[in-house]
Amino acid sequence: MRLATWNVNSIRSRLDRVADFLDRQDIDVLAMQETKCRDDQFPFERFDELGYEVAHVGFNQWNGVAIASRVGLENVELAFPEQPGFDKNAGESLISTPIVESRALGATCGGVRVWSLYVPNGRTLTDPHYTYKLEWLAALRDNGAKWLADDPKAEIALVGDWNIAPTDDDVWSVEYFADKTHISQPERDAFEAIVDTGYADIMRPFAPGPGVYTYWDYTQLRFPRKEGMRIDFILSSPALAARAKDAIVDREERKGKGASDHAPVIAEFTD
DNA sequence: ATGGCGTTATTTTAACGA
């Protein structure tokens, strides 16, 4: 099975690219992030024509996650249990009213429990969104641990845009990010806690760093200068990781006009 | 020095991204 994850930065802007990618890379299951549309705006028809079923969750122009599969799509969940929400009016009211955002979608595809994840950005180290990011990751870890406790042999893929560069090898400049999010110790600890639970970054052995990235800023000629970050991951449960045969970043998709700022990560699993 | 670019929408500026 060939599984990919890709922050497409608007599915409506990237539809032709995504369709070409599915064909060119012979993808069975594609998890997408930042679809940036509501369910009624998602181009389901195009995927149907290509032979893929799609599950999507999107409430507005922000966030939005989807899974397209040609090997089945069952038991769809539109968020993970107890998924934290963001309360933009925190402190202004005695009543907390967090809104759960469209950042996680689960579905079983070809026997694999796939979660398409768009981890909160965090914005800055002192922003309420940073605390939200850490809470969100802690809640995800708790769920991931429970899923494995319930069934240690479960084949689970936690994939998507994690908005964390786990090691210094995963950013083009440690100095540049020193006072920014994505490389702070609490973020790295939160990511590592999920790895420690049993979910392995299966691409690293096939694509050793430094200099292997999945995201390059649109500005400052970051892509041609090879100044990127590795923040998109396919984390696999032990049973699934044992089937990992290959994994790559498809840098071709960051080239040319109309590219997302993220490139897809692709994993191949033995049947 | 907060640009540089790209996306969205209750668009002609603002929010968000990382």
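Numbered from 1 within each chain, the chains take letters A, B, ... in sequence-line order.
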Counting any heavy atom closer than 4.0 Å, what does [X] reach on the DNA or RNA strands: base, sugar-phosphate only, or nothing?
X        : result
A:Tyr176 : nothing
A:Arg222 : nothing
A:His262 : sugar-phosphate
A:Asn163 : sugar-phosphate
A:Thr181 : nothing
A:Gln41  : sugar-phosphate
A:Asn63  : nothing
A:Arg38  : nothing

Shortest side-chain distance from A:Ser10, nucleotide among B:dT7, B:dC5, B:dA9: B:dT7

Candidates B:dA18, B:dC5, B:dG4 - which lies nearest the side chain of A:Gln220: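 Between B:dA18, B:dC5, B:dG4, the one nearest the side chain of A:Gln220 would be B:dG4.
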
Can you find a side chain N or O atom of [X] that sits less than 4.0 Å from OP1 or OP2 on [N]?
X        : N      : value
A:Ser13  : B:dT8  : yes
A:Asn9   : B:dT7  : no
A:Tyr118 : B:dA18 : yes
A:Arg123 : B:dA18 : no
A:Arg14  : B:dT7  : yes

Would you measure the distance from the C1' atom in B:dT12 across to the matching atom in B:dA1 and give it in whole Å?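 To the nearest whole Å, 27 Å.
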
What distance, rounded to whole Å, do you find between the two C1' atoms, one in B:dA18 and one in B:dT2? 13 Å

Run the numbers on A:Ile164 and A:Phe233 for side-chain contact (heavy atoms from CB on, under 4.5 Å), then give the verdict. CA-CA 10 Å; A:Ile164 298 169; A:Phe233 298 94; 5.7 Å; no

Check the distance between B:dG17's C1' and A:Asp127's CG and give it to me in whole angstrom.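 Those two atoms, CG and C1', are 13 Å apart.
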
Non-hydrogen side-chain atoms of A:Arg254 and A:Arg222 separated by less than 4.5 Å: no

With DNA chain B as reference, determine whether A:Pro120 or A:Lys36 sits nearer its 5' end, using the nearest nucleotide of each. A:Lys36

Mind running side-chain contact (heavy atoms from CB on, under 4.5 Å) on A:Val171 and A:Tyr176 for me, showing each step along the way? CA-CA 9 Å; A:Val171 290; A:Tyr176 181 84; over 6 Å; no

For the residue pair A:Phe47 and A:Tyr52, does the interplanar ring angle fall in the parallel (under 30°), tilted (30 to 60°) or perpendicular (over 60°) class?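 If you compare the ring of A:Phe47 with that of A:Tyr52, the planes turn out perpendicular.
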
Sidechain-backbone polar pair: A:Ser236 side chain, A:Ala241 backbone, donor-acceptor under 3.5 Å: no

